[in-house]
Amino acid sequence: MKKTTLTTLLKLVLTTAALGWLAYQIDWDKTLPLLQRAHWGWILLAFLIYNASQLTSTLRMGEHLKVVPIQEPFPFLIQLYYRCMFFNLFLPGGIGGDGYKVWLLRKRHQSDYRLLLSALLLDRGSGLVAITFLALTLAGFSPWVAAVLPFPSLFLAGFALVVFMGGWMIYWLFFKKFTRVYLRTFLLSILLQSLQMIVLLCLLESMGVQNARIEYGLIFLGSSLASVLPLTVGGIGVREFVFLEAANYLPIASDQAVLASLLFFLINALSSLAGALVSLPNQPTNATLD
């Protein structure tokens, strides 16, 4: 049996286990009434903001690709991005979104394979830097964090600056050609993650949750880091596990948090379905090389 097939089967097993564990842990007598009382106007707003965040992510990808150099029209990049969202959600294993990006863009542009891989690696890496930066910054304003830290929480802002500079150093030391886009892609990543935190707050608002917003934001950022690990299909179960465990330590309601996380996944899944309708040409039309 091929390694990719084994990886896919393992992901499906882990996904089934994660869903079973969630179904057992969730108090459905409390969660279902929350969903029934949810304000669908807030959920629609969350859906729109989520897709705005994906457009931001597409812009960031385009900035990295310009260094390769690959120039593609923004409408093409949007279609490519949603196509890859669809692959990442429904086709785990070797046939993932990143693999499709590399295959299609290289076929269209005959680009340097290592530069193209570097661009896509840094596109993900800049997101991780932004998540860490935002988490440290946000933690500096959390009363709960201030109560448990042995030093003033405002020191965390200094750590956030170290993360920003550390990201730049990685670009400069190992991906020097991409250094010129570091600041732009970092700012786009900050905007992207901020929009996705607003999505979570909209989902919580739909259930009437208006307290501990900083703590919910911190857990969301932590769950975003955890969901990067390719353990389950579409990352389902991983984010919810983080929310459930964090509820044991932070002043949040586990039922509302897990339901918001599940709704976030459903918004992601629904948005990704648009990628199934996309058909992209193997050869560039309006695209030009720098």
Side-chain angles (χ1 to χ4, degrees), residues 2-8 11 51-130 167-189 191-192 228-230 233-235 268 271-290:
K2 292 183 178 179
K3 184 178 179 181
T4 53
T5 304
L6 286 172
T7 302
T8 300
K11 279 192 174 185
N51 282 277
S53 77
Q54 299 312 298
L55 298 184
T56 305
S57 189
T58 303
L59 285 171
R60 185 186 67 189
M61 180 179 70
E63 289 294 324
H64 281 114
L65 289 176
K66 287 176 184 177
V67 181
V68 174
I70 289 176
Q71 288 275 13
E72 289 282 8
F74 188 62
F76 172 85
L77 289 178
I78 294 173
Q79 293 178 78
L80 174 61
Y81 194 86
Y82 274 83
R83 184 70 164 173
C84 293
M85 283 174 61
F86 176 78
F87 285 152
N88 283 332
L89 190 62
F90 297 106
L91 295 175
I95 317 174
D98 287 340
Y100 179 74
K101 285 178 194 171
V102 172
W103 174 81
L104 183 63
L105 291 172
R106 196 163 185 233
K107 191 172 183 65
R108 286 169 63 87
H109 296 276
Q110 292 76 50
S111 303
D112 183 277
Y113 186 69
R114 289 172 298 178
L115 270 179
L116 186 52
L117 278 178
S118 296
L120 297 178
L121 174 65
L122 291 174
D123 192 53
R124 284 183 173 269
S126 62
L128 297 178
V129 171
W168 183 85
M169 285 296 295
I170 290 173
Y171 271 63
W172 187 75
L173 289 173
F174 303 107
F175 307 96
K176 192 166 292 187
K177 193 171 183 179
F178 291 87
T179 306
R180 62 186 174 91
V181 300
Y182 176 70
L183 181 59
R184 289 199 297 275
T185 55
F186 173 78
L187 292 175
L188 285 169
S189 295
L191 176 59
L192 163 62
V228 171
L229 300 173
V233 178
N268 172 41
S271 301
S272 299
L273 289 177
L277 306 176
V278 171
S279 178
L280 297 171
N282 292 341
Q283 298 299 323
T285 51
N286 298 327
T288 57
L289 292 177
D290 281 341

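Here the structure is a predicted model, which means the values were calculated and not measured. The figures here come from the full heavy-atom set of this structure, side chains too, leaving out hydrogens, waters and symmetry mates.
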Less than 4.5 Å apart, any side-chain heavy atom of [X] and any of [Y]?
X	Y	answer
Leu80	Leu105	yes
Phe174	Leu122	no
Leu77	Leu65	yes
Ile78	Gln54	no
Val102	Leu117	yes

Closest non-hydrogen atom pair between [X] and [Y], with its separation:
X	Y	result
Gly275	Arg83	O-NH1, 3.0 Å
Ala274	Val278	O-CG2, 3.6 Å
Cys84	Lys101	SG-CG, 3.2 Å
Phe186	Ala130	CE1-CA, 4.2 Å
Phe178	Ser118	CE1-CB, 3.9 Å
Asp98	Leu120	O-CD1, 4.0 Å

If the plane angle is over 60° it's perpendicular, under 30° parallel, otherwise tilted; pick one for Tyr171 and Phe175.
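Tyr171 and Phe175: perpendicular rings.
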
Distance, nearest 0.5 Å, that separates [atom1] of [X] from [atom2] of [Y]:
X	Y	atom1	atom2	answer
Asp123	Leu188	CG	CG	9.5 Å
Ile170	Thr179	CD1	OG1	11.5 Å
Ser189	Leu59	OG	CG	11.0 Å
Ser126	Leu187	OG	CG	11.0 Å
Ser272	Tyr81	OG	OH	9.0 Å
Arg60	Leu55	CZ	CG	13.0 Å

His109 and its side-chain contact (heavy atoms from CB on, under 4.5 Å) partner, picked from Leu104, Leu116, Ile70
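That would be Ile70; it is the only one of Leu104, Leu116, Ile70 passing the side-chain contact (heavy atoms from CB on, under 4.5 Å) with His109.
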
Ignoring hydrogens and geometry, is there a side-chain-to-backbone donor-acceptor pair from Ser57 to Ser53 under 3.5 Å?
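Absent.
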
Checking side chain to side chain contact (heavy atoms under 4.5 Å, CB included) for the pair Val181/Lys66: CA distance, chi angles, key distance, verdict?
CA-CA 9 Å; Val181 300; Lys66 287 176 184 177; 5.9 Å; no

